[in-house]
> 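I'd like to ask you about the structure that follows.
For ligands, and for the atoms within them, numbers begin at 1 and follow the listed sequence. What you see below is based on every heavy atom in this structure, not just the backbone, and it leaves out hydrogens, waters and symmetry mates.
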Amino acid sequence: MYKSSPDHVAIIMDGNGRWGKKRRLSRSEGHYAGSKQMEKIIDASIELGIKVLTLYAFSSENWSRPSDEVNYLMGLPIRFFNKKLPEFMRRNIQIRISGNTVPLPDKTREVLAKAVSSTENNTGIIVNFAFNYGGRGDIVHAAKTLIEEVRNGKISKDDITEERMQQYLYTGDLPSPNMIIRTGGEKRISNFLLWQSAESELYFSDVFFPDFTGEMLAEAIGQQPVNTYLSG
Ligand code: FPP
């Protein structure tokens, strides 16, 4: 139980596909419902005073899904940020992306880059989307960057510490998550924030992500629900 809300909560938003199937809908319709619920979880996180919310939106393993589902997941951020960016600006929300954006379709990469650059001076909650993210890939990417810095003479081998390594991860200067929540019933970490989760509390919910409410988030972090945002 936390006295106040944890600074950084990260969520593995699992169960969208099964949510769709249960309703005789497509997996993509499940992802759309997940993206709508994500909006509510962002609202609830603000009300709860969470400072950083990381959302696992597309894993580096998700490329192996059927191409129509991958295409749908690549299109979702375009739809989402085209609609939500003005509101995020108004509400002082900062957007970050953790992951390798290089292989993404141009339009998706551009929309994500625009969301990050437009909101970089916002000082409210940081919503960090893990997109084309994998924990092992994150560590390899950081190691390669460090090697380059040593090669270029910017740092020496002895400058490589845990703190510096952490800075070079996709999550950069963000604090490590205090809690990782996984919805959808499975009790695995699935290559999410492997380095950053070393000290994180793990919380598993059987609820499919599109049904995971603000109240459930409040319960996970041991807080009272705070207001109307939390219903639904
Ligand atoms: C895992 O559920 C979920 C995903 C692979 C995608 C999660 C994405 C969102 C909730 C929306 C992202 C939106 C934006 C704007 C970035 P699953 O499909 O593996 O569920 P299953 O275990 O039931 O198959």
> Does Arg65 make a cation-pi contact with Trp63, if we ask for NZ or CZ under 6.0 Å from the ring centre and within 45° of the axis?
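Relative to the ring axis of Trp63, which defines the angle, Arg65 lies outside at least one limit.
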> Can you tell me which portion of Lys21 lies within the under-4.0 Å heavy-atom range of ligand 1? Options are side chain, backbone, both, or neither.
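Looking at Lys21 and ligand 1, no heavy atom falls under 4.0 Å.
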> Looking only at protein heavy atoms, which one is nearest to atom 16 (C) of ligand 1, and what is the separation?
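Ranking protein heavy atoms by distance from atom 16 (C) of ligand 1, first comes Ala57 CB, 3.6 Å.
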> I'd like to know if Lys107 and Glu110 make a salt bridge, using a cut-off of under 4.0 Å between side-chain N and carboxylate O.
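So Lys107 does not pair with Glu110 through a salt bridge.
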> Could you tell me the residue and atom name of the protein heavy atom closest to atom 14 (C) of ligand 1, and the distance to it rounded to 0.1 Å?
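Going by distance alone, atom 14 (C) of ligand 1 is nearest to Met38 CE, 3.7 Å.
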> Which residue holds the protein heavy atom closest to atom 3 (C) of ligand 1, what is that atom called, and what is the gap in Å?
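Scanning the protein heavy atoms, the shortest distance from atom 3 (C) of ligand 1 goes to Met13 O, 3.1 Å.
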> With a 4.0 Å cut-off on heavy atoms, is Gln37 in contact with ligand 1?
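Under 4.0 Å: no for Gln37.
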> Can you tell me how the ring of His141 sits relative to the ring of Tyr170, calling it parallel under 30°, perpendicular over 60° and tilted otherwise?
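Because their plane-to-plane angle is under 30°, the rings of His141 and Tyr170 count as parallel.
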> Would you say Trp19 has any N or O atom under 3.5 Å from an N or O of ligand 1, going by distance alone?
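So ligand 1 has no N or O lying under 3.5 Å from an N or O of Trp19.
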> Kindly say whether the aromatic ring centers of Tyr32 and Phe80 come within a distance under 6.0 Å.
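Centroid separation for Tyr32 and Phe80: 6.0 Å or greater.
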> Within less than 4.0 angstrom of ligand 1, does Gly184 place any heavy atom?
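No heavy atom of Gly184 comes that close to ligand 1.
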> Working to the nearest 0.5 angstrom, can you tell me the gap between Asn132 CG and Ile97 CD1?
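CD1 of Ile97 is found 11.0 Å from CG of Asn132.
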> What about Pro77: any of its N or O atoms under 3.5 Å from an N or O on ligand 1?
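Between Pro77 and ligand 1, no N or O pair is found under 3.5 Å apart.
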> Taking distance alone, with N or O pairs closer than 3.5 Å, would you say Ser35 contacts ligand 1?
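Between Ser35 and ligand 1 (N or O atoms, distance only) the closest approach is not under 3.5 Å.
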> Just wondering, more than 12 heavy atoms not from Arg164 lying within 6.0 Å of its CZ?
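Correct, the count exceeds 12.
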> Considering only the protein, which heavy-atom contact is closest to atom 19 (O) of ligand 1, and what is its distance?
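Looking only at protein heavy atoms, the one closest to atom 19 (O) of ligand 1 is Arg65 NH2, 2.7 Å.
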> For Glu162, does the CD atom sit with more than 12 other heavy atoms under 6.0 Å from it, leaving out its own atoms?
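Counting neighbours around CD of Glu162, 12 or fewer heavy atoms of other residues, nucleotides or ligands fall under 6.0 Å, so no.
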> Phe80 versus ligand 1: do any nitrogen or oxygen atoms come within less than 3.5 Å of each other?
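Such a contact does not occur with ligand 1.
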> How far is atom 4 (C) of ligand 1 from its nearest protein heavy atom, and which residue and atom name does that atom have?
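That would be His31 CE1, 3.7 Å.
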> When you check the gap from the basic side-chain N to the acidic O, do Arg96 and Asp173 get nearer than 4.0 Å?
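Answer for the salt bridge query: yes.
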> Side chain, backbone, both or neither: which part of Glu186 has a heavy atom under 4.0 Å from ligand 1?
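The answer is neither.
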> Applying ring pair (Phe, Tyr, Trp, His ring centres under 6.0 Å), can you list everything that pairs with Trp195, at least two apart in sequence or on another chain?
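Ring pair (Phe, Tyr, Trp, His ring centres under 6.0 Å) list for Trp195, sorted by chain: empty.
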> Given salt bridge (charged side-chain N to carboxylate O under 4.0 Å, His left out), test Arg109 with Asp106 step by step and report yes or no.
CA-CA 5 Å; Arg109 196 177 52 252; Asp106 291 347; 2.8 Å; yes
> Give the atoms of ligand 1, by number and element, whose distance to some non-hydrogen atom of Asn62 is under 4.0 Å.
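Contacts of ligand 1 toward Asn62, numbered from 1: 5 (C).
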> Could you identify the single nearest non-hydrogen protein atom to atom 21 (P) of ligand 1 and state the distance to 0.1 Å?
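Among all protein heavy atoms, the one nearest atom 21 (P) of ligand 1 is Arg18 NE, 3.5 Å.
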> Do the side chains of Asp206 and Arg182 get close enough for a salt bridge, i.e. N-O under 4.0 angstrom?
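Salt bridge between Asp206 and Arg182, a charged N being under 4.0 Å from a carboxylate O: no.
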> How close does the nearest protein non-hydrogen atom get to atom 7 (C) of ligand 1, and which residue and atom is it?
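Answer for atom 7 (C) of ligand 1: Asn16 ND2, 3.5 Å.
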> Provide, to 0.1 Å, the distance between atom 17 (P) of ligand 1 and the closest protein heavy atom, together with that atom's residue and name.
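Checking every protein heavy atom, the shortest distance to atom 17 (P) of ligand 1 gives Asp14 OD1, 3.5 Å.
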